Amino acid sequence: MDYHPRAIEQKWRKYWEEQGTYKVSNESDRPKYYVLDMFPYPSGAGLHVGHPLGYIASDIFARYKRLKGFNVLHPMGYDAFGLPAEQYAIQTGVHPAASTAKNINRYREQLDNLGFSFDWSREVQTSDPSYYKWTQWIFLQLFEHYYDQEAEKAMTIEALVARFEQEGNGTVKAATTQDTVFSADEWKAMSAKMQDTILMNYRLAYRKETFVNWCEALGTVLANDEVKDGVSERGGFPVERRPMLQWSLRITAYAERLLNDLQSLEWSEAMKKMQSNWIGRSTGAQLFFDLEGFNAKIEIYTTRPDTIFGATYMVLAPEHDLVAQITTPEQQGDIDDYLKYVNSRSERERMSEVKEVTGAFTGAYAVNPFNGDKIPVWIGEYVLKDYGTGAIMAVPADDERDRRFAEKFGLPIIDIIDKSAHPGATIEDKVGTMINSDFLDGMQVLEAIDAIIERMEEMGIGTRKINYKLRDAIYSRQRYWGEPFPVKYDADGVAVAMEESDLPLTLPELEDFKPASGGKSPLARAEDWVNELDAFTRETDTMPGFAGSSWYFLRYMDANNPDAFASQEAINYWQDVDLYVGGTEHAVGHLMYSRFWHKFLYDKGLVPTVEPFKKLINQGMIQGVIEFIHYHKEEKKFYSADLVTDANRATFAEIPVHIDYVTNYGLDDSHLVAEGIAQFKAWRSEYEGAEFVFAKGSDRFMTKSEVGKMSKSKFNVINPDDVVDRYGSDCFRMYEMFLGPIEQAKPWDTKGIDGVSKFLRRFYDLFFNAKDAFHVSEEEGTKEEMKVLHTAIKKVTQDIERFSFNTCVAAFMVATNDLRKLQCNKKAVLKEMVVLLASFAPHVTEELWHQMGEAGSVHHATYPVFEEHYLKEDAISYPISINGKKRAVVDFPSDASKEEIEQAATSIEEVQKWLEGKEVKRIIVVPKRMINIVVK
RNA sequence: GCGGGUGUGGCGAAAUUGGUAGACGCGCUAGACUUAGGAUCUAGUGCCGCGAGGCGUGGGGGUUCGAGUCCCUCCACCCGCACCA
């Protein structure tokens with residue numbers, strides 16, 4: 001019987017939809033399991049074959065868990081706010097909502113074509129007001145909370161205000177940028193605006209001045225990668241770093257918990273490492289240096305307080321507040337020049353030219369608190385404003401960067417650590433004996449660190465301090481297509497939260513999506529909307545992309561709830577995501593923010609778990625193959641790739657060819673035949689007359705293949721729909737899994753798909769007799785058949801559990817080939833095979849399930865049980881011992897006669913006899929493997 | 001520079017705790033059936049060798065009766081971070 005996947009697949013997809021086969025309830029006595037994919041941004045390009053890899057893997061796992069008896073939540077939705085739709089709107093005038101809706105429809109069609117078991121009744125779209133109402137709501141919660149470091153959790157601003165009224169802020173230990181202390185009376189005496197300013201220093205969502213790349217000529221803020229050589233990439237206008245008032249989220253308050261809780265997660269080590277590096281915890285000391293002639297101190301952070309006797313200069317970040325105050329008149333010119341230079345450089349340039357040493361002397365001197373030495377104070381861009389205190393003590397003897405700086409500017413270097421006992425230690429290794437360091441002399445580095453911190457604390461000039469690289473997240477975007485802030489400002493500019501009952505605050509309609517003047521969001525042009533409230537104006541910035549995606553996994557639990565972001569019953573039932581599948585590109589963005597929001601909601605008692613994503617699998621990217629042909633620029637002819645040599649390569653241009661024209665595309669043997677050449681000429685009419693020089697002695701025209709991203713501009717996008725049309729989605733799903741390990745990046749190569757296609761046909765054929773009629777026998781399976789079945793059950797189950805889907809497909813192939821050889825048509829065996837295969841090939845298994853006359857859906861069946869006795873190699877063990885030392889065991893098949901065993905045993909003894917006189921060192925017998933006799 | 005990973009046939013890749021390296025698929029070879037074969041089926045296929053046999057998991061060294069797997073070292077490629085004091 002011929003296998004016609006398209007007809008079968010359409011039939012069952014319709015059936016599933018009608019039957020609501022994949023609808024999942026929040027009430028079940030089955031154990032819950034939550035399988036989640038990172039939801040896509042619906043781009044205009046649609047899906048290519050690389051996108052579904054993770055979705056297929058998670059779908060297989062979700063189906064497997066369902067068959068195993070779990071109530072499985074497996075939803076899908078769209079991260080629908082984003083820049084591309086807005087750019088498209090600016091160019092074409094098409095409203096982002098319209099283009100997004102169109103793209104979502106296209107995505108849905110493509111996803112539906114692959115037979116996923118999503119429960120679409122729970123679909124979410126982050127740009128839908130009924131969804132972003134709750135994004136705004138969570139933002140307001142962040143706004144109304146601060147982080148209390150004693151309670152180690154978020155607490156309300158209301159409670160904070162109450163404490164300020166009682167005792168001021170001196171006793172409050174909080175994550176804050178508030179650096180002055182006030183009493184209760186002082187607090188009460190403050191103006192509302194003043195109080196608001198102070199509270200902003202505590203709120204988890206707060207407004208502050210942040211440095212951005214400002215382009216005056218374009219009237220907008222530019223992202224780092226839009227700035228090149230200090231000018232805008234578009235237009236070449238000057239760009240400066242300028243502070244702007246922006247919303248931020250105080251994620252740093254959660255740094256310690258975000259770091260500590262990593263260890264409980266089943267994520268790859270690489271992923272956890274990326275997160276912990278991003279958080280970047282370090283321990284050290286914070287201490288003050290007096291400034292000579294000023295009533296001010298420089299506060300610095302160092303992980304190496306032990307090296308303080310080698311501190312021969314200090315460096316402030318160029319943006320440091322003290323710079324203006326302490327610069328001497330003689331140095332003012334130098335400093336101004338330097339600041340001008342620094343401002344002209346984007347953050348990216350500062351990062352990319354790490355090796356270059358720059359700086360300027362302020363003319364001021366600090367005083368070493370331990371020996372009274374005068375230390376010159378410099379500024380330099382290698383000291384970052386946002387890390388530590390934005391100021392360092394420089395120890396050129398023990399820090400690579402400080403040394404380069406000292407060498408360039410001729411500053412003194414004092415050796416303070418003797419590393420002669422540690423050959424091979426680098427300049428920054430914390431080993432060696434202290435020298436030239438007063439009371440630290442003779443100590444080892446690690447004891448010296450402790451000793452000096454103790455001394456500093458006694459002297460009251462410094463403290464032990466933990467620092468993080470993690471920065472607060474800037475949360476404002478000057479864009480239209482994002483969530484509006486549910487915040488209004490009074491005449492004093494005090495931010496006031498909107499009432500929950502007024503949410504959602506929806507986006508106003510606009511026709512022009514270009515940024516407004518002064519770097520403002522296009523929303524600023526919706527004046528009616530901005531000013532529609534008496535005595536208040538609205539915030540015109542919108543939230544960034546990660547806002548909506550930081551909590552969507554919770555919405556799926558109760559996606560249509562109008563009264564809460566999800567009901568407490570739903571959240572308590574589903575708890576958290578058991579398996580999360582997505583790309584590594586979100587390692588520190590989305591995954592960090594989601595963990596942060598989740599922890600905040602946990603503090604509020606709104607979610608029962610500390611972490612949102614228990615287990616994480618990162619699927620590798622599927623790349624494309626880019627095919628080039630060689631064009632001889634002078635002769636104006638195309639040459640087959642084998643004719644291009646290193647010697648003549650320069651005379652050729654490489655022209656990308658649409659892969660549809662290439663036969664056997666892939667890494668070897670890809671070529672154009674006459675038809676492909678005709679297609680190419682029709683496509684690129686400018687080459688219509690060009691001659692093609694073929695490979696030697698062949699009718700082939702070789703191309704050059706390269707692995708790269710699939711993209712429209714490389715003409716190498718493979719649309720899954722085309723593959724599905726030809727082979728069916730069961731085949732496509734299995735082939736994607738068969739390509740290789742799920743976490744590994746690999747180029748797409750359609751060539752091997754025939755193998756999987758063949759497998760499916762053979763599997764299907766098992767159910768048909770020689771006359772092509774459906775026929776399965778009611779007889780019991782033979783011992784041999786049952787062994788094949790149970791080998792498959794065991795292997796497939798193990799492999800699914802460890803996400804080794806490629807070997808799983810191989811196991812299906814082996815079993816099918818074996819059953820074919822056995823000419824097995826026993827229902828008892830085949831029915832189990834159908835269920836086993838159902839997660840991978842949902843359509844054909846459903847078809848066969850029904851053909852066998854089984855009731856309901858195969859996807860509600862019970863996963864086959866593996867019974868060990870079918871696999872057991874019945875064996876008798878016969879122990880032998882040699883030289884009284886090693887004990888070994890030889891296994892014989894159970895049908896071996898006693899005589900055979902005796903004989904084998906004697907033969908071993910005979911070998912032993914034969915070996916007499918020689919010293920047998922050892923005999924190792926590995927059961928069913930080998931006998932290894934070692935003679936000395 | 002730092003951190004993480006990878007390296008196995010012509011290709012994609014397998015290989016529980018160290019135990020017959022190369023499962024499975026592609027490709028290739030031969031054959032069968034066919035008007036035909038880019039269909040299907042059967043057999044073969046790591047390399048060298050007629051053979052017996054030898055050699056084989058990036059290179060070199062080590063531990064072990066035994067190493068793709070463990071240790072040291074070097075090389076190549078990929079990914080992430082990048083002046084974090």
Side-chain angles (χ1 to χ4, degrees), chain A residues 268-278 280-282 284-285 300-305 307 314-315 317 350-358 380-384 386-395 398-402 404-405 426 428 467-471 584-585 587-588 618 620-621 663-664 666-669 707 734-735 738-741 743-759 761-762 765 795 798-799 802 804 806-817 820 886 920-936:
Chain A
S268 71
E269 283 311 308
M271 212 64 173
K272 291 194 207 176
K273 202 86 191 178
M274 271 190 245
Q275 290 230 334
S276 76
N277 286 346
W278 191 258
R281 182 185 200 269
S282 67
I300 63 120
Y301 172 72
T302 178
T303 56
R304 297 298 304 277
T307 62
M314 312 202 61
V315 187
R350 285 177 69 166
M351 286 192 289
S352 63
E353 294 160 28
V354 172
K355 292 274 139 58
E356 208 176 308
V357 179
T358 65
E381 60 178 339
Y382 82 96
V383 175
L384 307 173
D386 294 330
Y387 182 75
T389 60
I392 61 159
M393 65 176 197
V395 184
D398 209 52
D399 183 286
E400 192 58 47
R401 296 148 307 170
D402 295 347
R404 283 204 309 268
F405 194 90
T426 66
E428 289 173 25
N467 230 309
Y468 303 94
K469 285 192 221 173
L470 184 70
R471 312 283 162 81
T584 38
E585 65 272 20
V588 287
N618 303 112
M621 222 197 312
T663 305
N664 264 347
L667 284 183
D668 49 86
D669 200 38
V707 172
M734 291 193 84
Y735 183 56
F738 189 58
L739 274 176
E743 304 217 342
Q744 190 174 302
K746 54 226 151 196
W748 174 262
D749 178 358
T750 309
K751 270 184 259 169
I753 199 168
D754 285 333
V756 175
S757 177
K758 214 180 286 179
F759 152 73
R761 280 199 303 271
R762 286 173 175 178
D765 265 347
K795 176 85 176 131
Q798 274 176 358
D799 286 350
R802 62 188 183 111
S804 176
N806 54 334
T807 56
C808 220
V809 176
F812 284 122
M813 290 175 173
V814 171
T816 302
N817 285 339
R820 238 158 69 93
K886 192 87 183 178
V920 176
K921 198 173 166 194
R922 206 178 298 190
I923 296 186
I924 290 116
V925 181
V926 177
K928 286 178 281 170
R929 295 280 180 186
M930 67 182 75
I931 300 176
N932 205 332
I933 302 177
V934 183
V935 186
K936 239 188 189 166

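Chain naming here is simple, since letters A, B, ... match the order of the sequence lines and numbering starts at 1 in each. Since we're looking at a predicted model, the values are computed, not measured.
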Judged by each residue's nearest nucleotide on RNA chain B, which is more toward the 5′ side, A:Lys273 or A:Asp399? A:Lys273
Distance between the P atoms of B:C79 and B:A30, in whole angstroms? 41 Å
Nearest-angstrom distance, C1' atom, B:G66 to B:U20: 12 Å
Residue A:Thr807, side-chain heavy atoms: nucleotide from B:A85, B:A15, B:A13 that is nearest: B:A15
Rounded to the nearest Å, what distance is computed from the CD atom of residue A:Gln744 to the C1' atom of nucleotide B:G12? 9 Å
In the structure I gave you, are the side-chain heavy atoms of A:Met813 and A:Phe738 within less than 4.5 Å of one another anywhere? yes
B:A15 versus B:G68 - spacing of their P atoms, nearest Å: 16 Å
Might you list the N or O atoms of the protein lying below 3.5 Å from N or O atoms in nucleotides 38-41 of chain B, with each pair's distance?
unit_1	atom_1	unit_2	atom_2	d
B:U40	OP1	A:Arg761	NH2	2.6
B:C41	OP1	A:Arg762	NE	2.9
B:C41	OP1	A:Arg762	NH2	3.1
B:C41	OP2	A:Arg762	NH2	3.3

Under 4.0 Å between any heavy atoms, over every strand shown, what does A:Ala270 touch: base, sugar-phosphate, or nothing? Just pick one. sugar-phosphate
Between B:A13, B:A82, B:A85, which nucleotide has the shortest distance from any of its atoms to the side chain of A:Trp278? B:A82
Taking atom CZ of A:Arg802 and atom SG of A:Cys808, what is their separation to the nearest 0.5 Å? 9.0 Å
Roughly, in whole Å, what's the span from NZ in A:Lys795 to C1' in B:A23? 8 Å
Does the side chain of A:Thr816 come under 3.5 Å of the side chain of A:Arg820 through a donor N or O and an acceptor N or O? no
Report the residues that fulfil salt bridge (Lys or Arg N to Asp or Glu O under 4.0 Å) with A:Asp402, sequence neighbours left out, ordered by chain and then residue number. none
Does A:Asn277 make a side-chain N or O approach to OP1 or OP2 of B:G4 shorter than 4.0 Å? no
Can you tabulate the close N/O pairs, meaning under 3.5 Å, that link protein atoms to atoms of nucleotides 31-34 of chain B?
none

For RNA chain B, what are the stems built from at least three Watson-Crick or G-U pairs in a row, each pair having both distances below 3.5 Å? B:1-7 with B:75-81, B:10-12 with B:24-26, B:27-32 with B:40-45, B:46-48 with B:53-55, B:58-62 with B:70-74
Rounded distance (Å) that lies between atom P of B:C83 and atom CD of A:Glu381: 11 Å
Nucleotide B:G25, atom P - distance to CE of A:Met813 in whole Å: 6 Å
Going by the rule ring pair (Phe, Tyr, Trp, His ring centres under 6.0 Å), which residues pair with A:Tyr301 if we only count those two or more places apart in sequence or in a different chain? none
Inter-residue atom distance A:Ile392.CD1 - A:Ile300.CD1, 0.5 Å rounding: 8.0 Å
A:Asn806 side-chain N/O to B:A14 phosphate OP1/OP2 under 4.0 Å: yes
Within this structure, what is the CH2-CD1 distance for the pair A:Trp748 and A:Ile753, rounded to the nearest 0.5 Å? 5.0 Å
Assigned glycosidic conformation for B:G80 [threshold 90° from 0]: anti
Gap between atom OG1 of A:Thr302 and atom CG of A:Asn467 - 0.5 Å precision: 10.5 Å
When you check the phosphate oxygens OP1 and OP2 of B:A85, does a side-chain N or O of A:Tyr301 lie under 4.0 Å from one of them? no
Does A:Thr584 have any side-chain hydrogen bond (donor to acceptor under 3.5 Å, both in side chains) partners at least two apart in sequence or in another chain, and if so, which? none
Indicate, with a heavy-atom threshold strictly under 4.0 Å, whether A:Asn817 touches base, sugar-phosphate, or nothing. sugar-phosphate
What is the distance, to the nearest angstrom, from the CD1 atom on A:Ile300 to the P atom on B:A85? 12 Å
Given 3.5 Å as the limit, does a donor-acceptor pair link the side chain of A:Lys746 with the main chain of A:Pro741, or not? yes
Grab the CD-C1' distance between A:Glu743 and B:G80 for me, whole Å please. 15 Å
Where the side chain of A:Pro741 is concerned, which of B:A13, B:G3, B:C24 is the nearest nucleotide? B:A13
Rounded to whole Å, how long is the line connecting atom CD of A:Glu585 with atom C1' of B:C78? 16 Å
Interatomic distance, A:Lys469 NZ vs B:A82 C1' [rounded to whole Å]: 8 Å
